[in-house]
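In what follows, every chain begins at residue 1, and chains take the letters A, B, ... in the order their sequences are listed.
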Amino acid sequence: MPGHLETLLAFDRQYQRDQQQSPAFLHRRDRRYALDRGSNQAPDMGHWLAQLQALNETATVSYPPELRFWQRFASAFVSLGALLGIVTMSGLLFYDGGQQINITVILGVILLQLVLALITAIQGLAGWQPWAPLVHSLQHRLEKRQPSPALMPLFGPMMARTAQAAGLAFGLTGLVTLLGSVVLQDLAFGWSTTLETSAEAWHSIVSWIAAPWSGWLPVATPSLELVSDTRFFRLADTTPGTDSARWGAWWPFVAMAWLTWTILPRLLLLGLATLDLRRKSRRALRHHPGYPALLWRMETPAVETGSDTTDSGQLPADASTDTVPVPDTPLIVCWAGASPQGVLTETSAPPLRAGGSQSLQADRRTLADLASRRGPGDRDLLVVTRAWEPPTAELEDFLEEAAMQFPDITLTLLPLATTPTRRPADQQLAQWLRFADRAGQGIRVAATDNGEANHVQH
Amino acid sequence: MSSTDQAPVFAVVGHPNRGKSSVVATLSQNDRIAIALEPGTTRESQTYPLAVDGRTLYTLVDTPGFQRPRRVLEWLEAHSLSASDRPDTVAAFVHQHRDNPKFRDECELLTPIIEGAGIIYVVDGSVPYTAEQEAEMTILRWSGQPSLALINRIGPDDHTATWQSALGQFFQIVRSFDAVNAPFEQHLSLLKAFGQLRPEWERPLEDATRFLKQQRDDRQWQSARLIAGALTDMMRHQESRTLPRSLPVPGSESREALEARLREQWYQHQRQREQRLRRDIESLYQHHRIARQEAELSWHHDHDLFSESTRQAWAVSRRYLATAGFGAGAVGGAGIDALTLGHSLGAGALIGGLIGAAGSYFYGDRLAIQALRPGTPQGTGELQTVTFGPVQDLQFGYIVLGRAVDHWWHISERNHAGRDPLELPPSDSHWLEQLDSPRRKAIQYALGKLRKGRKLGTDEQQALESAIHSSMDHYRHWRVTSGDYS
């Protein structure tokens with residue numbers, strides 16, 4: 001199961017990919033996830049990411065690429081710590097058979113280690129990154145890329161964890177070196193200081209250092225006699241009255257001091273740094289710009305209004321034919337309440353009517369009346385319509401019946417604008433031209449000229 | 001299991017070209033519906049379900065118009081004995097003529113009705129009432145289904161009153177609805193009226209209106225986030241170019257040419273970012289076919305982001321800048337008080353406020369952009385990155401904000417039946433003056449920080465979004481009270 005840091009980085013990668021997706025799709029996807037998971041369960045980022053990866057059939061990244069540099073950097077840093085541990089302890093235990101190994105120096109190194117561990121911990125907790133430019137430039141040199149922005153707030157705790165791990169490696173290899181030296185060499189420990197101090201005072205210091213284990217490991221707790229017996233002075237040639245084996249009796253104390261005051265603090269602080277990194281990773285995830293948007297998508301119902309449906313129709317192409325002049329004919333039918341008043345004047349008989357609220361029987365009577373009105377030279381039937389009304393199939397039926405009844409007559413439609421003497425708008429005329437095309441029968445469309453009445457003479 | 005079977009269905013029917021599709025387009029928030037198609041080209045019904053989390057609450061069916069109503073009525077009258085058999089007779093007509101191409105449109109529009117759909121009969125209230133549509137209304141009445149008549153004014157004339165009295169004889173409910181201009185509240189009111197057609201339809205329609213209202217509120221928040229994001233990008237943007245170190249020598253011709261080129265790129269980027277914001281907002285509100293009048297941006301265009309008329313229209317007053325600058329400066333100065341644990345007795349906030357106010361008053365009114373700045377040499381020292389920007393002018397932020405909120409308002413109030421190009425003329429007074437003090441400070445503080453090229457923290461970003469959201473409310477209120485609501 002991925003940790004919080006891996007989850008954060010996987011989330012950031014998904015967030016970057018989602019930038020290319022439409023908000024509507026993201027809302028549907030994440031709302032669906034939330035509904036499948038159940039309303040009473042809080043969203044789990046790890047589970048959400050795992051589901052997305054499963055659905056997208058993308059392999060789970062075992063180790064985030066953004067962390068590869070840190071993995072290498074941490075390995076190198078820990079190895080360096082381990083090496084330094086060996087070198088440092090070897091240096092401390094260097095014994096050429098001349099002068100004793102000074103316990104005071106070893107205690108000084110332990111104290112330094114403790115202080116360094118605490119400074120690292122404070123720096124990590126506070127988020128100070130004085131070394132950040134160095135690490136970033138190293139990453140830039142090695143990987144030719146900038147660190148992931150999602151990792152920026154975590155560099156402090158990440159570096160602290162790495163440093164504590166390196167310190168732990170330092171302590172462990174130091175301890176191993178000490179134990180190895182004890183086995184392989186005859187080490188002579190003693191204590192020495194320039195300060196005016198008594199064996200009692202020194203004994204009280206080492207007793208305080210040995211306090212954590214003195215109760216259950218007395219062999220590692222130096223006695224006052226051992227302290228008194230093992231003081232040495234640099235300029236003294238020998239130390240009379242001291243048994244040679246006494247010089248080696250210090251090693252359990254040194255090993256326990258190293259273990260207790262160098263290794264254990266590093267171990268504890270490494271655990272603390274790991275916890276701090278987890279806490280800050282969780283916080284970074286919550287503060288990620290994509291996080292509130294994701295929660296919103298999960299919590300908000302997806303409302304689809306049918307806006308994705310496209311209807312079947314596209315605006316038809318413009319008609320290929322054009323309008324013709326109004327024919328001079330006495331055969332005039334007004335369709336669905338259209339009135340030719342002001343356009344067609346001086347007619348001998350009122351125009352006939354069809355369509356609209358009239359019954360179909362009345363339409364048939366109109367056709368019969370047309371037959372009776374038709375003179376021998378009449379070759380045109382003019383059907384007056386309202387230009388703004390759409391042509392319907394009922395008109396088509398009427399024209400079809402007229403064409404059947406008068407096969408030698410030309411049918412002409414005259415769509416009139418709301419002001420009949422004005423030419424209708426091109427958009428309105430276009431639907432009549434297309435209708436005439438569609439209906440066939442040789443139907444033509446006429447149009448009035450602007451402001452001019454068409455005088456039909458008889 | 002899907003609840004589509006139980007969800008009410010409404011068949012939107014009527015005479016051809018009476019605005020059926022425009023009603024459906026507005027209610028389904030779909031601007032892809034071809035409006036004003038002539039009869040005979042749309043031959044099939046289209047369904048537009050409203051679904052919440054996959055659960056359909058209602059479905060609108062856009063149908064072809066009546067083509068041969070008198071023939072249908074003639075057939076129905078010839079096959080009916082009494083009023084009680086009329087619904088069955090209508091169903092029988094559909095079954096009889098399902099394969100008859102002559103009555104294909106009628107069968108298409110009557111099929112959802114005989115299957116139980118409510119009838120939404122649409123007429124055009126801008127043309128006078130005539131009895132010629134009575135055949136259609138009679139057929140619909142014969143179907144026995146609950147029905148509502150909708151008077152949709154397409155043209156400028158108003159014959160609503162005569163239509164209302166005529167339609168009242170045929171339909172349970174008669175409502176007026178301007179599909180192109182009706183405000184959102186009327187959409188919801190109309191949907192609630194649909195729910196009144198049958199008691200069992202009331203609940204799903206109530207739910208639907210609630211979700212639509214919530215969706216609208218959410219969209220305003222999302223718009224505020226989009227605007228805040230664009231504002232952040234545009235205020236912080238800088239152009240950079242890596243060059244041989246000898247090129248950008250101060251005072252040289254090449255340096256001036258470089259500066260001019262980067263300046264033009266900077267302008268271009270800002271225009272493109274603004275256009276992206278426009279598209280994002282339109283997409284959020286499901287508008288995909290808007291032709292914007294400000295689409296063709298050019299340097300000399302009156303509505304261009306950087307034109308003088310735009311600046312005069314959308315910039316805030318110096319007094320506004322000074323007062324908001326005082327607040328934003330005080331926020332920064334309060335940090336000093338915090339560091340001294342209050343021992344500075346608030347002097348930090350006062351001094352910060354005064355500095356902020358003075359800075360905003362004197363320097364907030366210039367279109368100043370951080371000039372060409374050479375960076376540190378790279379590699380062997382032969383190359384150098386020069387940068388241009390970010391903008392130092394606070395007014396630039398207010399102009400971007402003003403234009404963005406104005407565009408948002410037009411989009412949020414625009415119905416999907418609208419086909420007119422979207423015009424965004426500058427306004428003549430500034431609505432931000434009505435914003436409360438904390439919101440002004442939040443905006444000013446954010447702009448002040450962004451122009452230094454710094455990022456906003458999460459809390460600061462949220463405060464900016466919240467302030468923009470609030471300013472959108474104020475803008476709407478300002479539009480309504482100034483009578484520009486249309």
Contact origin within A/R286 toward chain B - heavy atom pairs under 4.5 Å: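 Interface part for A/R286: neither.
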Under 4.5 Å from a heavy atom of chain B, the part of A/S22 involved: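 Neither; nothing under 4.5 Å.
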Most heavy-atom pairs under 4.5 angstrom with chain B, which of [options]?
{"options": "A/P292, A/A302, A/G337, A/A336", "answer": "A/A302"}
{"options": "A/A293, A/S359, A/G355", "answer": "A/G355"}
{"options": "A/H287, A/R32, A/R28", "answer": "A/H287"}

Could you tell me whether the side chain of [Y] reaches within less than 4.5 Å of the side chain of [X], counting heavy atoms only?
{"X": "B/D53", "Y": "A/V303", "value": "no"}
{"X": "A/H27", "Y": "B/Q222", "value": "no"}
{"X": "A/T392", "Y": "B/F66", "value": "no"}
{"X": "B/Q214", "Y": "A/P301", "value": "yes"}

Quick one, A/D363 with B/R70, criterion side chain to side chain contact (heavy atoms under 4.5 Å, CB included). Give me CA distance, side-chain angles, the key distance, then yes/no. CA-CA 11 Å; A/D363 284 4; B/R70 290 182 304 159; 2.7 Å; yes
Do the charged groups of A/E304 and B/R55 touch, with an N to O distance under 4.0 Å?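 Result for this pair is no, no salt bridge flagged.
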salt_bridge(A/D397, B/R71) N-O dist < 4.0 Å: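 Counted as a salt bridge, because a side-chain N and a carboxylate O are separated by less than 4.0 Å.
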Below 4.5 Å from any heavy atom of chain A, which atoms of [X] appear? Answer side chain, backbone, both or neither.
{"X": "B/H288", "value": "neither"}
{"X": "B/Q29", "value": "both"}
{"X": "B/V24", "value": "neither"}

Step by step, work out the side chain to side chain contact (heavy atoms under 4.5 Å, CB included) result for B/K102 and A/E396. CA-CA 11 Å; B/K102 266 200 155 180; A/E396 197 176 333; over 6 Å; no
Rounded to the nearest 0.5 Å, how far does [atom2] of [Y] lie from [atom1] of [X]?
{"X": "A/T305", "Y": "B/L57", "atom1": "OG1", "atom2": "CG", "value": "12.0 Å"}
{"X": "B/D217", "Y": "A/T300", "atom1": "CG", "atom2": "OG1", "value": "11.0 Å"}
{"X": "B/D218", "Y": "A/R297", "atom1": "CG", "atom2": "CZ", "value": "13.0 Å"}

B/P16 and A/P390: which non-hydrogen atoms are nearest, and at how many Å?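 That would be O-CG, 3.2 Å.
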Look only at the side chain of B/Q67 and the backbone of A/A393, and say whether a donor-acceptor pair between them is shorter than 3.5 Å.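 The answer is yes, because a donor-acceptor pair under 3.5 Å joins these two groups.
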Do you know which of B/A51, B/A208, B/A135 has the most heavy-atom pairs under 4.5 Å to chain A?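 Heavy-atom pair counts peak at B/A51.
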